[in-house]
Amino acid sequence: MKIRMDVALDPTLGCGQAHRWHKAEDGSWNGVVGDRKIRLVQTDDGFECEGADEAMILDYFRAEDDLDSIYAECASMDDYVAKLIKGCPGMRILRQPHWECIATYILATNANVKRIGMMIENVCREFGDDIGGTYSFPSPEQIVKGCDRICNCRLGFRADRFVEFARKVADGEFDPDSLEGMGYRECVDTLLTIKGVGPKVADCIALFSYGHMNAFPVDARIGNVLKDVYGVEGSYKKLSEFAEKKFGRYAGYAQEFLYHSDFIII
DNA sequence: CATCAACCTGATCA
DNA sequence: ATGATCAGGTTGA
């Protein structure tokens with residue numbers, strides 16, 4: 001199926017916002033979203049897609065976002081970001097499934113990207129369904145049901161938090177869909193009630209799953225950029241407030257460009 | 001509210 | 001080779 005869209009798959013799927021995509025040697029992108037095994041091939045005006053229906057993939061790529069106007073607004077807020085944008089066109093923020101996004105980001109604490117990906121694959125292999133050479137992201141129920149095997153996933157101190165969250169969702173105590181209509185602040189505050197979700201992870205989830213484009217996750221790397229480029233440092237709250245003022249309602253997009261400023265050729 | 005050590009594990013570095 | 005250090009942070013004191 002052919003999808004027409006202003007998008008560059010490499011920065012969008014390779015930037016680290018989603019963890020289950022892998023670029024094959026032939027240049028195609030293979031990944032799993034929920035229980036769908038998907039293959040994408042970049043074309044001049046979008047991409048070729050196998051494994052997902054059109055509505056699902058348009059939703060996942062936030063097809064309603066007009067990159068030109070978003071980039072123009074980001075660029076108008078800051079010269080440095082403006083330069084980065086020119087060097088990295090077609091980068092889109094995704095809309096990841098809520099449960100999957102929260103669960104995976106609970107694993108993303110104090111570990112490097114490689115290990116995060118490894119933990120996620122372990123979880124999928126252990127609890128998910130075999131969907132032909134790879135595994136679906138497990139449901140909360142699948143995790144709860146097999147939680148005595150969690151040690152096989154090598155999650156370390158994250159294991160308890162991960163299982164506890166799965167149990168809460170399975171029990172209906174926490175409903176990821178219920179955050180849908182919330183504003184940014186309420187969404188983040190609700191996410192912060194989850195054990196294993198702190199301010200940085202909450203912002204990642206708000207941005208990558210609930211569409212709060214003003215969210216600006218501050219991790220170690222972004223902290224360095226803010227210090228080196230803008231001369232600001234301090235608490236999460238302080239940096240976060242600086243970013244909100246500096247980059248405006250699309251701060252999340254600005255964050256993505258700043259995060260990868262090392263790799264973007266200006 | 002700000003600060004700080006401890007935390008599983010696997011990779012990297014001395 | 002073997003031990004120290006570090007990595008998309010969060011928690012609890």
Side-chain angles (χ1 to χ4, degrees), chain A residues 11-22 31 84 88 91 93-94 96 100-126 137 143 147-168 174 185 187-210 212-213 215-229 232-243 247 251-264:
Chain A
T12 300
L13 301 176
C15 70
Q17 58 177 319
H19 300 88
R20 300 203 67 196
W21 289 98
H22 172 68
L84 294 174
C88 189
M91 214 290 304
I93 301 274
L94 300 169
Q96 301 180 46
E100 179 172 343
C101 187
I102 301 172
T104 58
Y105 272 93
I106 284 176
L107 302 181
T109 64
N110 196 225
N112 56 41
V113 178
K114 189 174 178 184
R115 184 141 124 71
I116 294 167
M118 199 181 292
M119 289 188 279
I120 293 170
E121 290 312 314
N122 289 345
V123 163
C124 294
R125 190 182 334 106
E126 194 66 41
F137 193 84
I143 293 168
C147 68
D148 56 317
R149 289 179 284 122
I150 193 68
C151 52
N152 296 341
C153 300
R154 317 294 293 165
L155 307 185
F157 61 84
R158 305 161 195 80
D160 289 343
R161 302 166 177 180
F162 186 76
V163 172
E164 181 181 327
F165 179 59
R167 185 165 284 130
K168 277 189 175 177
F174 187 99
R185 196 62 247 175
C187 177
V188 165
D189 285 342
T190 306
L191 289 168
L192 288 174
T193 65
I194 301 167
K195 199 167 294 177
V197 175
K200 186 267 177 184
V201 166
D203 272 334
C204 283
I205 299 165
L207 178 60
F208 299 138
S209 186
Y210 291 99
H212 293 291
M213 307 315 239
F216 188 92
V218 180
D219 55 35
R221 190 159 172 172
I222 283 293
N224 288 332
V225 174
L226 291 179
K227 181 182 168 189
D228 296 344
V229 181
V232 293
E233 49 189 326
S235 67
Y236 191 95
K237 186 175 159 61
K238 181 179 175 181
L239 296 177
S240 164
E241 282 170 359
F242 166 81
F247 304 113
Y253 265 97
Q255 193 265 11
E256 282 306 294
F257 290 111
L258 291 170
Y259 187 84
H260 297 281
S261 51
D262 290 355
F263 305 129
I264 298 175

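Letters go in sequence order (proteins before strands), and every chain restarts at 1.
- For the pair A/Cys15 and A/Glu256, the minimum side-chain heavy-atom distance is below 4.5 Å.
- Comparing A/Met118 and A/Leu155 along DNA chain B, the residue whose closest nucleotide (by nearest heavy atom) sits nearer the 5' end is A/Leu155.
- Of all heavy-atom pairs spanning A/Met119 and A/Leu107, the tightest one is CE-O, 3.2 Å.
- Here side chain to side chain donor-acceptor pair (under 3.5 Å) pairs that include residues 193-204 of chain A, with residues two or more places apart or in two chains, are A/Tyr184-A/Asp203, A/Asp203-A/Tyr236.
- Classification of A/Arg20 and A/Glu121 as a salt-bridged pair holds, one side-chain N sitting under 4.0 Å from a carboxylate O.
- One atom, CZ of A/Arg158, and another, C1' of C/dT10, lie 10 Å apart when rounded to the nearest Å.
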Every protein N/O within reach of nucleotides 11-13 of chain C N/O, cut-off under 3.5 Å:
{"from": "C/dT11", "atom 1": "OP1", "to": "A/Gly196", "atom 2": "N", "distance (Å)": "2.9"}

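- Among residues at least two apart or in separate chains, there is no side chain to side chain donor-acceptor pair (under 3.5 Å) pair with a member in residues 105-118 of chain A.
- Taking atom CG of residue A/Asp160 and atom P of nucleotide C/dT10, one finds them 17 Å apart after rounding to whole Å.
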Give the C-alpha distance, both sets of side-chain angles, the deciding distance and a yes or no for side chain to side chain contact (heavy atoms under 4.5 Å, CB included) between A/Tyr210 and A/Ile102.
CA-CA 10 Å; A/Tyr210 291 99; A/Ile102 301 172; 3.8 Å; yes
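- Interatomic distance, CZ of A/Phe162 versus OG1 of A/Thr104, reported as 8.5 Å (0.5 Å rounding).
- At least one side-chain heavy atom of A/Thr12 sits less than 4.5 Å from a side-chain heavy atom of A/Gln17.
- Contact annotation for A/Gln17: base contact, defined as any heavy-atom pair under 4.0 Å involving a base atom.
- Within 4.0 Å (heavy atoms only), A/Ala220 reaches sugar-phosphate atoms of the nucleic acid but no base atom.
- Of the P atoms belonging to C/dT2 and B/dC8, the separation is 26 Å, rounded to the nearest Å.
- Residues A/Cys153 and A/Val123 approach most closely at SG-CA, 3.8 Å, considering heavy atoms.
- Between A/Ile222 and A/Phe216 the shortest side-chain heavy-atom distance falls below 4.5 Å.
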I would like to know whether A/Glu164 and A/Asp160 meet side chain to side chain contact (heavy atoms under 4.5 Å, CB included); could you show each step before the answer?
CA-CA 6 Å; A/Glu164 181 181 327; A/Asp160 289 343; 5.9 Å; no
Determine which bases of DNA chain B form Watson-Crick or G-U wobble pairs with both distances under 3.5 Å, and write the result as a 5' to 3' dot-bracket string with | for other-strand partners.
..|||||.||||||
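- Protein chain A contacts DNA chain B over a range whose 5' and 3' limits, counting nucleotides with an atom under 4.0 angstrom from a non-hydrogen atom, are B/dC7 to B/dG10.
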What does the list of N/O pairs under 3.5 Å between the protein and nucleotides 3-7 of chain C look like, with a distance for each?
{"from": "C/dA7", "atom 1": "N7", "to": "A/Asn110", "atom 2": "ND2", "distance (Å)": "3.4"}

Can you list the steps and then say if A/Leu207 with A/Met213 is a side chain to side chain contact (heavy atoms under 4.5 Å, CB included)?
CA-CA 6 Å; A/Leu207 178 60; A/Met213 307 315 239; 4.0 Å; yes
Evaluate the side chain to side chain contact (heavy atoms under 4.5 Å, CB included) criterion for residues A/Phe208 and A/Leu94: first the C-alpha distance (whole Å), next the side-chain angles of each, then the deciding distance (0.1 Å), finally the verdict.
CA-CA 6 Å; A/Phe208 299 138; A/Leu94 300 169; over 6 Å; no
